[in-house]
Chemist: 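Sharing a structure, written as structure tokens. Questions coming.
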Amino acid sequence: MCGRFTLTTEKAVEEKIGVKIKANYNVTPSHSILILEPKPKLIPWGLSPVWAKKSINLINARIETFYEKPAFANTLPCLVVANGWYEWKKSNSSEKLPFYFHKDGKILYMAGIFNEKGCAILTKESSSKISYVHHRQPILLNKAGRSAWVNESNIQPEHYNNEIHFRRVGLFVNSPKFNHPICIEPIS
DNA sequence: CCAGACGTTGTT
DNA sequence: GTCTGG
DNA sequence: CCAGACGTTGTT
DNA sequence: GTCTGG
């Protein structure tokens, strides 16, 4: 899935998207995140249906059921701007070990949905590589896919971008308040 | 008909 | 154990 | 996603 | 708001 990510490339974000951001090595739900809809916009991570009296905190939406679920009706497509994300792998001892997924710092565009309350990231079954760590992953879109999604609400497997690298990282990232480059440092 | 849920993750 | 906050 | 709180009373 | 369960 995707419950924690990074956006650290200040320069690339300013050049490609025209927005000044502050590097964040530990973006957590409820943070304000950068989306393209397709205009750049800051919005809380966590979506609640407009009709929910008591707010629901939906940080992900399964693509498999997206079209059936009332909670996701009346949301609009967007792209969530990131340059990496974290997944935790359960070890034998039921210990959870964090891994960092990235494309050498390049900007990643995750498929998202939003409404006036916030934003959620679409997930799918993991690619075989990623499934070593976890069985769900965010949907990453290539260029054609980004346009199809935000302009036509059209999402297709051939638009998924599954080229990715990953490495084990230290436990620093576990604490939601800990935002530091050491979060993405490989474990030696 | 009204009341109550409506989601994901993972875990059992 | 389960919910809330970040 | 993980970490941290989770209750009441009254008082500051 | 809309769907499901009773």
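So that the names make sense, note that chain A is the first sequence line, chain B the second, and so on, each numbered from 1. Fair warning: this is a prediction, and the values are worked out from it, not measured in the lab.
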Chemist: Output yes when at least one side-chain N/O atom of A/Lys54 is less than 4.0 Å from OP1 or OP2 of C/dT4, else no.
Modeler: yes
Chemist: CG of A/Asn57 versus C1' of D/dC2: gap in Å, rounded?
Modeler: 13 Å
Chemist: For the pair made of CZ in A/Phe178 and P in D/dC1, what is the distance, rounded to whole Å?
Modeler: 21 Å
Chemist: Rounding to an integer number of angstrom, what distance separates B/dG4 and C/dG5 when you compare their P atoms?
Modeler: 25 Å
Chemist: For A/Ala52, report the nucleic acid contact type (base, sugar-phosphate, nothing); a contact means any heavy atom under 4.0 Å.
Modeler: nothing
Chemist: Can you tell me, in whole Å, how much space there is between the P of D/dC6 and that of B/dA5?
Modeler: 25 Å
Chemist: Tell me the interatomic distance from A/Lys69, atom NZ, to E/dC3, atom P, rounded to whole angstroms.
Modeler: 13 Å
Chemist: Under the salt bridge (charged side-chain N to carboxylate O under 4.0 Å, His left out) criterion, do A/Arg136 and A/Glu125 qualify, and how do the steps go?
Modeler: CA-CA 5 Å; A/Arg136 304 291 300 173; A/Glu125 191 70 22; 3.4 Å; yes
Chemist: Would A/Arg167 and A/Tyr100 count as a cation-pi pair here, with the cationic atom under 6.0 angstrom from the ring centre and within 45° of the axis?
Modeler: no
Chemist: A/Leu97 has an atom CG; how far is it from atom P of D/dC2, in whole Å?
Modeler: 11 Å
Chemist: Taking A/Asn60 for its side chain and A/Leu122 for its backbone only, find out whether a donor-acceptor pair lies under 3.5 Å.
Modeler: no
Chemist: Does a side-chain N or O of A/Asn174 approach OP1 or OP2 of D/dA3 to a distance below 4.0 Å, or not?
Modeler: yes
Chemist: Consider the side chain of A/Leu58, meaning its heavy atoms from C-beta on, and name the nucleotide among B/dG7, D/dA3, B/dT9 that approaches it most closely.
Modeler: B/dG7
Chemist: Provide the distance between the two C1' atoms, one in B/dG7 and one in D/dG7, to the nearest whole Å.
Modeler: 29 Å
Chemist: How close or far is atom P of C/dG6 from atom CG of A/Asn179, stated in whole angstroms?
Modeler: 15 Å
Chemist: Consider the side chain of A/Trp88, meaning its heavy atoms from C-beta on, and name the nucleotide among B/dT8, D/dC1, B/dC6 that approaches it most closely.
Modeler: D/dC1
Chemist: Taking atom P in both B/dT12 and D/dC1, compute the distance separating them and give it to the nearest angstrom.
Modeler: 14 Å
Chemist: Are any of A/Lys177's side-chain N or O atoms less than 4.0 Å away from OP1 or OP2 of D/dA3?
Modeler: no
Chemist: May I have the distance from A/Leu122 (atom CG) to B/dG7 (atom P), rounded to whole angstrom?
Modeler: 14 Å
Chemist: When the distance from CD of A/Glu87 to C1' of B/dT9 is rounded to whole Å, what number comes out?
Modeler: 10 Å
Chemist: From the set B/dG7, B/dT8, D/dC1, return the single nucleotide nearest to any side-chain atom of A/Pro29.
Modeler: D/dC1
Chemist: Atom CG of A/Asn60 to atom C1' of B/dG7: distance rounded to whole Å?
Modeler: 10 Å
Chemist: If we take the P atom in both D/dT8 and C/dG1, what is their distance in whole Å?
Modeler: 23 Å
Chemist: Which nucleotide in the set B/dT9, C/dG6, E/dG1 lies at the smallest distance from any side-chain heavy atom of A/His135?
Modeler: B/dT9
Chemist: Nearest to the A/Phe72 side chain among E/dG1, B/dG7, B/dT9, which nucleotide is it?
Modeler: B/dG7
Chemist: Identify whether A/Ile155 and A/Leu58 are in the same connected component of the hydrophobic contact network (ILVMFWY, side-chain heavy atoms under 4.5 Å).
Modeler: yes
Chemist: If you compare every side-chain N and O of A/Arg4 against the phosphate oxygens of C/dG6 (OP1, OP2), does one of them come in below 4.0 Å?
Modeler: no
Chemist: Considering every strand shown, what is the Watson-Crick or G-U wobble mate of B/dC1 when both distances are under 3.5 Å?
Modeler: E/dG6
Chemist: Using Watson-Crick or G-U wobble geometry with both distances under 3.5 Å, which nucleotide pairs with D/dG7?
Modeler: none
Chemist: Say whether A/Asn161 and A/Glu163, considering side chains only, have a donor N or O and an acceptor N or O under 3.5 Å apart.
Modeler: no
Chemist: Test the A/Lys89-A/Tyr132 pair against the cation-pi criterion, namely NZ or CZ under 6.0 angstrom from the six-membered ring centroid and within 45° of the ring axis.
Modeler: yes
Chemist: Look at A/Thr28 and D/dA3 and indicate whether a side-chain polar atom (N or O) is within less than 4.0 Å of OP1 or OP2.
Modeler: no
